[in-house]
Trainee: 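If you scroll down you'll find the structure; I have some questions about it.
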Amino acid sequence: MEEIIFYSPIGYLLLQITKRGIYAVKKIEKGETTGSHPVAEMIKRYLEGEKVDFAKIPIDWSGYSPLQKKVLEKVREVPYGEWRSYSWVGKEIGLNYGWRYIGKVLSLNRTPIIIPCHRIIYKNKNLGGFTWGKEVKKFLLELEGISL
DNA sequence: TTATTAAGCGAGC
DNA sequence: GCTCGCTTAATAA
């Protein structure tokens, strides 16, 4: 497990990487930058407003159930600058009425930004919740040009 | 096997 | 605007 701490427009971020890929991204209050990593640089550029493609970054899925992984992989397919509802995700993966479970799965997401779960909001355009708080979610959506 | 849980949604007032 | 009822899979007891 490799750990990189770097500074971004939303604060210090801790990036955890295993042999299989990105394991987790965490927001921390204080810290000192501890070197760099290509993925850390991509996240930093993204948070500064640049359009970055995270699709090719490998993710360490260990700990997720098959269905949870399916949900998160579907969320990754949502293109930059667009948003989807929780029920859209549910229908896409074949849960006709079980979309309430989607919220549960997204709350388990260890890698915000890389898996853009901030692009999943209420149908009426209210924000749902977010691992790092609604303020960060709003920041990310406005960054991509989505008005609420 | 049962109870609890989670970041939603639409109907009806 | 607000309240209410509901679905699903995962986890714990």
Side-chain angles (χ1 to χ4, degrees), chain A residues 1 3-31 37 39-40 42-148:
Chain A
M1 175 84 76
E3 295 194 335
I4 305 284
I5 296 172
F6 61 101
Y7 189 70
S8 78
I10 59 172
Y12 286 97
L13 297 178
L14 171 64
L15 190 62
Q16 294 180 325
I17 306 155
T18 68
K19 281 178 291 186
R20 284 186 291 266
I22 308 301
Y23 178 79
V25 182
K26 292 176 182 174
K27 191 171 181 296
I28 54 180
E29 293 304 316
K30 293 179 184 177
H37 185 279
V39 175
M42 287 177 75
I43 293 172
K44 205 190 293 181
R45 288 210 311 274
Y46 168 80
L47 290 171
E48 286 166 356
E50 190 175 329
K51 186 175 174 180
V52 176
D53 181 18
F54 294 112
K56 290 172 187 168
I57 296 176
I59 289 177
D60 186 344
W61 298 103
S62 57
Y64 292 122
S65 74
L67 183 59
Q68 288 163 352
K69 188 181 163 192
K70 206 172 171 183
V71 170
L72 295 174
E73 284 185 323
K74 179 58 66 180
V75 171
R76 285 188 92 187
E77 294 174 13
V78 179
Y80 187 99
E82 295 189 25
W83 62 273
R84 295 290 186 276
S85 68
Y86 292 83
S87 60
W88 176 88
V89 179
K91 280 187 181 175
E92 281 293 308
I93 63 167
L95 291 174
N96 287 328
Y97 298 98
W99 30 256
R100 193 160 182 207
Y101 181 66
I102 305 295
K104 165 86 169 174
V105 174
L106 294 190
S107 71
L108 299 173
N109 177 21
R110 290 186 300 247
T111 52
I113 298 176
I114 295 174
I115 298 174
C117 60
H118 58 276
R119 295 189 191 129
I120 310 300
I121 60 178
Y122 275 40
K123 264 191 173 168
N124 61 14
K125 282 193 156 188
N126 285 345
L127 298 175
F130 193 60
T131 312
W132 295 343
K134 288 183 186 176
E135 292 306 312
V136 175
K137 186 167 186 173
K138 189 179 173 190
F139 174 83
L140 294 172
L141 291 169
E142 288 178 347
L143 191 69
E144 300 190 8
I146 299 170
S147 59
L148 302 173

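We name chains A, B, ... by the order of the sequence lines, and we start the count at 1 in each one. Only this structure's heavy atoms are used, side chains among them; waters, hydrogens and symmetry mates stay out.
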Trainee: Without swapping roles, check the side chain of A:E82 against the backbone of A:P79 for a donor-acceptor pair under 3.5 Å.
Mentor: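 Answer holds: no.
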Trainee: In whole Å, I'd like the distance from the NZ atom of A:K91 to the C1' atom of C:dT8.
Mentor: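 Distance, rounded to whole Å: 15 Å.
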Trainee: Check whether any side-chain N or O of A:R119 sits under 3.5 Å from a backbone N or O of A:V78 as a donor-acceptor pair, and report yes or no.
Mentor: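 A pair under 3.5 Å: yes.
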Trainee: Counting N and O atoms only, with roles assigned by atom type, does the side chain of A:R20 sit under 3.5 Å from a partner on the main chain of A:P58, one being a donor and the other an acceptor?
Mentor: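 No; judged by distance alone, with no hydrogens or angles, the pair does not exist.
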Trainee: Do side-chain atoms of A:K137 reach the backbone of A:I120 as a donor and acceptor pair under 3.5 angstrom?
Mentor: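 Yes; at least one donor-acceptor contact below 3.5 Å.
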Trainee: Starting at the 5' end of DNA chain C, which residue's closest nucleotide do you reach first, A:R100 or A:K104?
Mentor: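 Here A:R100 is the residue nearer the 5' end.
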Trainee: Looking only at atom P, what distance separates B:dG12 and C:dT7, rounded to whole Å?
Mentor: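 Approximately 16 Å lies between the P atom of B:dG12 and that of C:dT7.
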Trainee: When all nucleic acid strands are considered with a 4.0 Å heavy-atom cut-off, which category describes A:S85: base, sugar-phosphate, or nothing?
Mentor: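 The answer is sugar-phosphate, as A:S85 gets under 4.0 Å only of primed atoms, P, OP1 or OP2.
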Trainee: Indicate, with a heavy-atom threshold strictly under 4.0 Å, whether A:S87 touches base, sugar-phosphate, or nothing.
Mentor: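 Here A:S87 touches the backbone only, sparing every base.
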Trainee: In which ranges does DNA chain B form stems of 3 or more consecutive Watson-Crick or G-U pairs, distances under 3.5 Å?
Mentor: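 Expected stems, ordered by start: B:1-6 with C:8-13, B:8-13 with C:1-6.
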Trainee: First contact, last contact: which nucleotides of DNA chain B are these for chain A, 5' to 3', heavy-atom distance under 4.0 Å?
Mentor: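 First-to-last contact on DNA chain B, by the 4.0 Å heavy-atom rule, is B:dA6 to B:dG10.
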Trainee: In this structure, how many angstroms lie between the C1' atom of C:dA9 and the NZ atom of A:K69, rounded?
Mentor: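 Interatomic distance, NZ of A:K69 to C1' of C:dA9: 18 Å.
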Trainee: If you look at every strand shown and take non-hydrogen atoms under 4.0 Å, does A:L67 touch a base, only sugar-phosphate, or nothing?
Mentor: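 Here A:L67 touches the backbone only, sparing every base.
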Trainee: Rounded to whole angstrom units, what separation is found between the CG atom of A:N124 and the C1' atom of C:dG1?
Mentor: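 Taking atom C1' of C:dG1 as the reference, CG of A:N124 is at 12 Å.
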Trainee: Here's a test for you: under side chain to side chain contact (heavy atoms under 4.5 Å, CB included), which of A:D60, A:I115, A:L15 qualifies with A:I22?
Mentor: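 The option that passes is A:L15.
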Trainee: Return yes if a side-chain donor-acceptor contact under 3.5 Å exists between A:T111 and A:N109, otherwise no.
Mentor: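 A:N109 and A:T111 do have a side-chain donor-acceptor pair below 3.5 Å.
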Trainee: If you find the nucleotide of DNA chain C closest to A:G98 and the one closest to A:G63, which residue's nucleotide is nearer the 5' end?
Mentor: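 Looking at DNA chain C, the more 5' nearest nucleotide goes with A:G98.
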Trainee: Roughly how many Å is it from OH in A:Y86 to C1' in C:dT8, rounded to a whole number?
Mentor: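 For the pair A:Y86 OH and C:dT8 C1', the rounded distance is 16 Å.
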Trainee: Report the relative orientation of the aromatic rings in A:H118 and A:Y46; use parallel for angles under 30°, tilted for 30 to 60°, perpendicular for over 60°.
Mentor: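 Aromatic pair A:H118/A:Y46 classed tilted.
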Trainee: Considering only residues two or more places apart or on different chains, which pairs with a residue in residues 11-31 of chain A satisfy ring-ring contact (aromatic ring centres under 6.0 Å, His included)?
Mentor: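 Only A:Y7-A:Y12 qualify under ring-ring contact (aromatic ring centres under 6.0 Å, His included).
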Trainee: Inspect the contact between A:K74 and A:E77 and indicate whether a charged nitrogen and a carboxylate oxygen are less than 4.0 angstrom apart.
Mentor: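 Salt bridge: yes.
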Trainee: Starting at atom CD1 of A:I102, determine the distance to atom C1' of C:dT7, rounded to an integer number of angstrom.
Mentor: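 After rounding, the reported distance stands at 11 Å.
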Trainee: Select from A:Y101 and A:K123 the residue whose nearest nucleotide in DNA chain B is closer to the 5' end of that strand.
Mentor: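 Closer to the 5' end of DNA chain B: A:Y101.
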